[in-house]
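Here the structure is laid out as structure tokens; the discussion comes afterwards.
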Amino acid sequence: MSISQTTETHAPPSKLLTGGKKLATSFVVILTTLLGLLVITFVVGRMVPADPVIAVIGDQADQATYDRVYKEMGLDRPLYVQFGNYLSDVVQLDFGQSIVTKKPVAEDLARVFPATMELATLATLIGACFGIPLGVIAAVHKGTWIDHTARVVGLLGYSTPIFWLGTIVILVFYAHFGLIPPGGRIYVYDEGLVQARTNSIIIDSILAGQWQVFWSAIHHLITPAIILGYAAMAYLSRMSRSFMLEQLRQEYILTARAKGLGQRPIVWRHAFRNIRVQLLTVVALAYCGLLDGTVLIETVFAWPGLGQYLTSALFVSDMNAVLGSVLLIGIISIAINLLSDIVYRFIDPRTR
Amino acid sequence: MSRSGTFSNLHNWLISEDFSSANQARCHKAYLAWLSLVANPLAFAGFAVVALLIVIAVFAPLIASHDPYAQDLMMALQAPSAAHWFGTDEFGRDVFARLIYGARTTLYITILVTVIVAPIGFVIGATAGYLGGWVDVVLMRITDIFLSFPSLVLALAFSAALGPGIENAVIAIALTVWPPIARLARAETLTFRHADFVIAAELQGAGTGRILLRHIVPLCAPSIVVRLTLNMSSIILTAAGLGFLGLGAQPPMAEWGAMAASGRQYLLDAWWLTTVPGIAILTVSLAFNLLGDGLRDIMDPRNG
């Protein structure tokens, strides 16, 4: 009696404690990852062969100006002080000024990022809607031609150079059939019709009730999104296939079959329910992976997003813009993974 | 008749499990792996393409009918013909010859990155897994930081800092490829960490280095080889992406990504400039994926 009492009174607090400890650990993990991210961008910024002072004042300035700016930028201080300055700048969302746009990088990022998010979100949705069912069906029909087809479709998605696929799609569907616009975000004649509130044209046009602009934006968005979505689909279908196979091997599936349950409820209501949580993590990973793809696809489709901003900054060694974009992409990846981790804990009773 | 007799004798010697020497046992294992590779048509197709790529890269000067760097502006942007199988580019260079020499660039990048990454990833992962404790925590934290970046973006940042060029592209790609290898090596090491044979070696006084090299490496090798093969596909794609953005191999070097990129300006007039190198990238990358998948089925049946 007394034993059960002690366990009863002790169990809940210790459980809470481990929960709080877990949360604290993951908080520390996030912080160190963020710090590591900043170290990497800082080091990359120092590695650049281009002189940061000359990037600011130009190569016509005299030595006195050079020395003054050199001091002002804190380049005469020890590295750890410079890193401290960099940290405090970043915390205040000060990424410096872009050489190309002559605006603060933070402002530029706020302008271009929603365009990338539109693209990556729609692509992830497309990838998930097609990839997950494909993977599940392939697992159910393991070893048949359905499985092999799904495998080849998936591997093709893994192996296709996305910038090349985009170029070919433009060649075929724009140049030959005239079905899609060659790139850009909306038609020229639709520009300026909607006030930029969120910088996402889709959301802005809905808010303003400008349906013509909305369809114009969708028309431009859909092709690059499908191409990116194909890459995501390949990844998601492979992962959901292997998760599903793992579940279908389990004994509860055998039990369900033994009690006479049909194939459909076994697959979707028993096995699939158990992989939903794992899939969530994988979808989050796919989203992060797509940020990679957007860099290339935005260049091909002249999509004015983060990727295009990053690559055009690369060519003129606009390092503030480059590092700001890289940092933003890194932070978003961490945030998405953190979010999926939190949701995971909430919806999966086994992790509680 | 005697030929086939030799072959069947060889086959019998290889297939027999009645080993008369350690060598025979090793050959037997390799032969079985080879048989299951041949039995898997997709994996074998991948293997064949990779083998072809190596042959093409090695014998590029013999295969290419033209000089890949010889410019002839009179012959610029010619459509595919008997003289120029895949047409000519904007400088009148033969696209087929450039494609053949591009195989060298691709293979060069892939092999170099793999050779750099395999030992680094293994040492970091195995050390973390074997020693455990704070070493594990620190090393895995660093690994996670690198993993948290999308790989192309990280490679872009590094090649921006190092400057464009093929060697810098190799370094940039290597910096993004090692973390998954380290993770895998750690996971594999952990499964053997407390095995009796490791403890026996420790009791015999073997040092950490010896245990890692002589006992852990051979056991981790299969899954790491599979991972590296699958990685080669993403190395090729990243290298092509860097080349496409102008950060990889610099002109006039023949590189498939850069070839596809320069062809984009003439997309409507000269479709072959973009199409041909793109198909080459796709084929090779697909081949490495198929081969890697097949190798995994052969070496590591757990993940089937």
Notebook entry, point to check: Among side-chain atoms of Tyr158(A) and Ser234(B), is any donor-acceptor pair under 3.5 angstrom?
Noted result: no
Notebook entry, point to check: By a 4.5 Å heavy-atom criterion (distance strictly below it), what part of Thr160(A) contacts chain B: side chain, backbone, both, or neither?
Noted result: both
Check: Which of parallel (below 30°), tilted (30 to 60°) and perpendicular (above 60°) describes Phe42(A) and Tyr86(A)?
Finding: tilted
Check: Looking at Thr299(A), Val322(A), Ile334(A), Leu323(A), which makes the most heavy-atom pairs under 4.5 Å with chain B?
Finding: Thr299(A)
Checklist line | Nearest heavy atoms of Ala284(A) and Ser340(A), plus distance in Å | finding: CB-CB, 3.6 Å
Next item on the list: Name the region of Asn337(A), side chain, backbone, both or neither, that has any atom closer than 4.5 Å to a heavy atom of chain B.
Entry: neither
Check: Would you call Asp136(B)-Arg141(B) a salt bridge at under 4.0 Å N-O?
Finding: no
Item checked: Proximal component of Ile142(B), with respect to chain A [non-hydrogen, under 4.5 Å] -> neither
Check: Of the listed residues (Leu290(A), Ile332(A), Ile162(A), Val300(A)), which shares the most heavy-atom pairs with chain B below a 4.5 Å separation?
Finding: Val300(A)
Margin query: Please classify the contact of Tyr174(A) with chain B as side chain, backbone, both or neither, using a heavy-atom distance under 4.5 Å.
Written below: neither
Checklist line | Residues that Thr116(A) engages under side chain to side chain donor-acceptor pair (under 3.5 Å), provided they are two or more places apart | finding: Glu298(A)
Check: Is it the side chain or the backbone of Ile236(B) that comes within 4.5 Å of chain A heavy atoms, both, or neither?
Finding: neither
Checklist line | Donor-acceptor pair, side chain of Arg227(B) and main chain of Ile181(B), under 3.5 angstrom | finding: no
Next item on the list: Examine whether an atom of Ser151(B) lies under 4.5 Å from a heavy atom of chain A, and if so say whether it belongs to the side chain, the backbone or both; otherwise answer neither.
Entry: both
Margin query: So for Val39(A), is it side chain, backbone, both, or neither that comes closer than 4.5 Å to the heavy atoms of chain B?
Written below: neither
Next item on the list: Using non-hydrogen atoms and a 4.5 Å limit, figure out which bit of Leu37(A) sits close to chain B: side chain, backbone, both or neither.
Entry: both
Margin query: Does any backbone or side-chain atom of Ala157(B) lie under 4.5 Å from a heavy atom of chain A? Answer side chain, backbone, both or neither.
Written below: both
